[in-house]
Protein chains: 2
Amino acid sequence: MAAMASKSQRAPRRTEALSRDVIVQAAVAILDAEGEEALTLRALTVRLATGYGAIYHHVADRDDLLGAATDHVIGRVVADTGGVGKPREALRSVAAGLFDAIDAHPWVGAQLTREPWRPALLDVYESVSANLHALDVPERAVPDSAGALVNYILGVAGQNAANARALAASKMDRETFLANVAARWAQLDPLRYPAMHKAGQHLREHDDREQFLAGIDLILAGIAAVNRG
Amino acid sequence: MAAMASKSQRAPRRTEALSRDVIVQAAVAILDAEGEEALTLRALTVRLATGYGAIYHHVADRDDLLGAATDHVIGRVVADTGGVGKPREALRSVAAGLFDAIDAHPWVGAQLTREPWRPALLDVYESVSANLHALDVPERAVPDSAGALVNYILGVAGQNAANARALAASKMDRETFLANVAARWAQLDPLRYPAMHKAGQHLREHDDREQFLAGIDLILAGIAAVNRG
DNA sequence: GCGTGATTGGAGCGACGATCCAAAGCTTTG
DNA sequence: CAAAGCTTTGGATCGTCGCTCCAATCACGC
């Protein structure tokens, strides 16, 4: 025991190499498991069994890491769904793919609305524009139309993220949480808030994904209508 | 000088009474002047010449304060613009009013996407629903249609907030900032990003407010088209 | 085997949101 | 007018956060 470690001994160096990718994946894991605010540098050092310095050597700062995690999740979606099938179907599948990705990783929704110039979203915008072009939308109408679609998608993304945060904060399961929201809406004054009051009664039959896609169809119909006459 | 204050003397009590409203107004002033991250408890105590305890006596926590500030700004908009004129004009003026408010107070956009169940937004949803009803949209189609409009508005709100943050962070004036963005887009590979490349060349002729209203019209046209058959 | 540069671990810093409590006013009693 | 009790206030203090900094460690070329 003569060679016993003194109390100020430093932890041994890690065996597997650290890399930006490993860090990003660990960040995604934490974000998926515990939400955005759980992604602290300290949590990362614990999970990766390393120190602050090692992480900051590969990553500029927390925002850089959040951005990289967002690109990591969104990146594949557009590539997988953007160019297949007829333009209209391609548009719907890009939108649906984004919805599903954001539904599975709600923090992505918040991050997309915070930094909408991420490369991932750039690809989305490009894919939407190309498919609108293929739909014979006049060239000068493409930017506004693509903007409307992307902004709508971003709005839904933000809503989803907010709902997921509220659900996590409430510590209820999804069912009782929705029941609570419905009850609160139903209690609103039916005279002052008729639409919300009614929505509270019909929340059971509500499917976020279907409503999202209905909105996409609505906007596509509007694009068609505006350019027809 | 015998009664000179000892060094541990407490500052005199403020003369004008503190209140939730005074605090909210101070918060709005800070947010407008320096952005969301500048609203710290410390900054508030300095501006109001008071301490932490006084503020926390009137306000639950920072989120409560941000929410109250948001309601304070958004509250009037719906009341001022919701019920006047024909339904279609009323819808456009609500949307435009929201856009202008968010444009003047970009942090509101971020806050709306973070907490979309704020009472202020509830009024928006209600006003939109009522005007859609007045436009003879079938009752069962109202929720999806209103959702599309509100989500679109929220998406634009988030974008505006993000742009304002980026503009403030860059410390350029609006003109050169836009020129920089345009230049970066124009440098994108025209083969891989044809739409963004082109957008970079035409950013000069771009008006956010007009594009926003064009999106509203697009969605309204879609609502009309879908319900026509 | 010996430097040299890339990589790593962790102590420490300043700022933050939030809590807590005693001081200071205000209002109600007798 | 005075004492008691409730409301409001100021600021010390706590724990946590993102981030900086530097010494320790390793991989590798010579």
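Predicted model only: the values in this text are computed from it and were never measured. Convention: sequence-line order gives letters A, B, ...; per-chain numbering from 1.
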Name each donor-acceptor pair under 3.5 Å that joins a side chain in residues 176-192 of chain B to protein atoms two or more places apart or in another chain, with its distance.
{"residue": "B/Thr176", "atom": "OG1", "partner": "B/Asp173", "partner atom": "O", "Å": "3.2"}
{"residue": "B/Thr176", "atom": "OG1", "partner": "B/Asp173", "partner atom": "OD1", "Å": "3.2"}
{"residue": "B/Asp189", "atom": "OD1", "partner": "B/Leu191", "partner atom": "N", "Å": "2.9"}

N/O contacts under 3.5 Å, protein versus nucleotides 15-20 of chain C?
{"residue": "C/dG17", "atom": "OP1", "partner": "B/Arg62", "partner atom": "NE", "Å": "3.0"}
{"residue": "C/dG17", "atom": "OP2", "partner": "B/Leu41", "partner atom": "N", "Å": "2.9"}
{"residue": "C/dA18", "atom": "OP2", "partner": "B/Tyr56", "partner atom": "OH", "Å": "2.9"}
{"residue": "C/dA18", "atom": "OP2", "partner": "B/Arg62", "partner atom": "N", "Å": "2.9"}
{"residue": "C/dA18", "atom": "O5'", "partner": "B/Tyr56", "partner atom": "OH", "Å": "3.4"}

(message) In whole Å, I'd like the distance from the CG atom of A/Leu44 to the P atom of C/dT8.
(response) 14 Å
(request) With sequence neighbours excluded, tell me which residues meet salt bridge (Lys or Arg N to Asp or Glu O under 4.0 Å) with A/Asp63. (result) none
(request) Using side-chain hydrogen bond (donor to acceptor under 3.5 Å, both in side chains) as the criterion, list what pairs up with A/Asp32, not counting sequence neighbours. (result) A/His105, A/Trp107
(request) Give a yes/no answer on whether the side chain of B/His57 brings an N or O atom under 4.0 Å of OP1 or OP2 in D/dT9. (result) no
(request) Applying side chain to side chain contact (heavy atoms under 4.5 Å, CB included), name anything that partners B/Gln25, two or more places apart in sequence or on another chain. (result) B/Asp21, B/His72
(request) Can you sort out the partners of A/Arg20 under salt bridge (Lys or Arg N to Asp or Glu O under 4.0 Å), two or more places apart, ordered by chain and number? (result) A/Asp64
(message) Strictly below 4.0 Å: does B/His58 bring a side-chain N or O up to OP1 or OP2 of D/dT9?
(response) yes
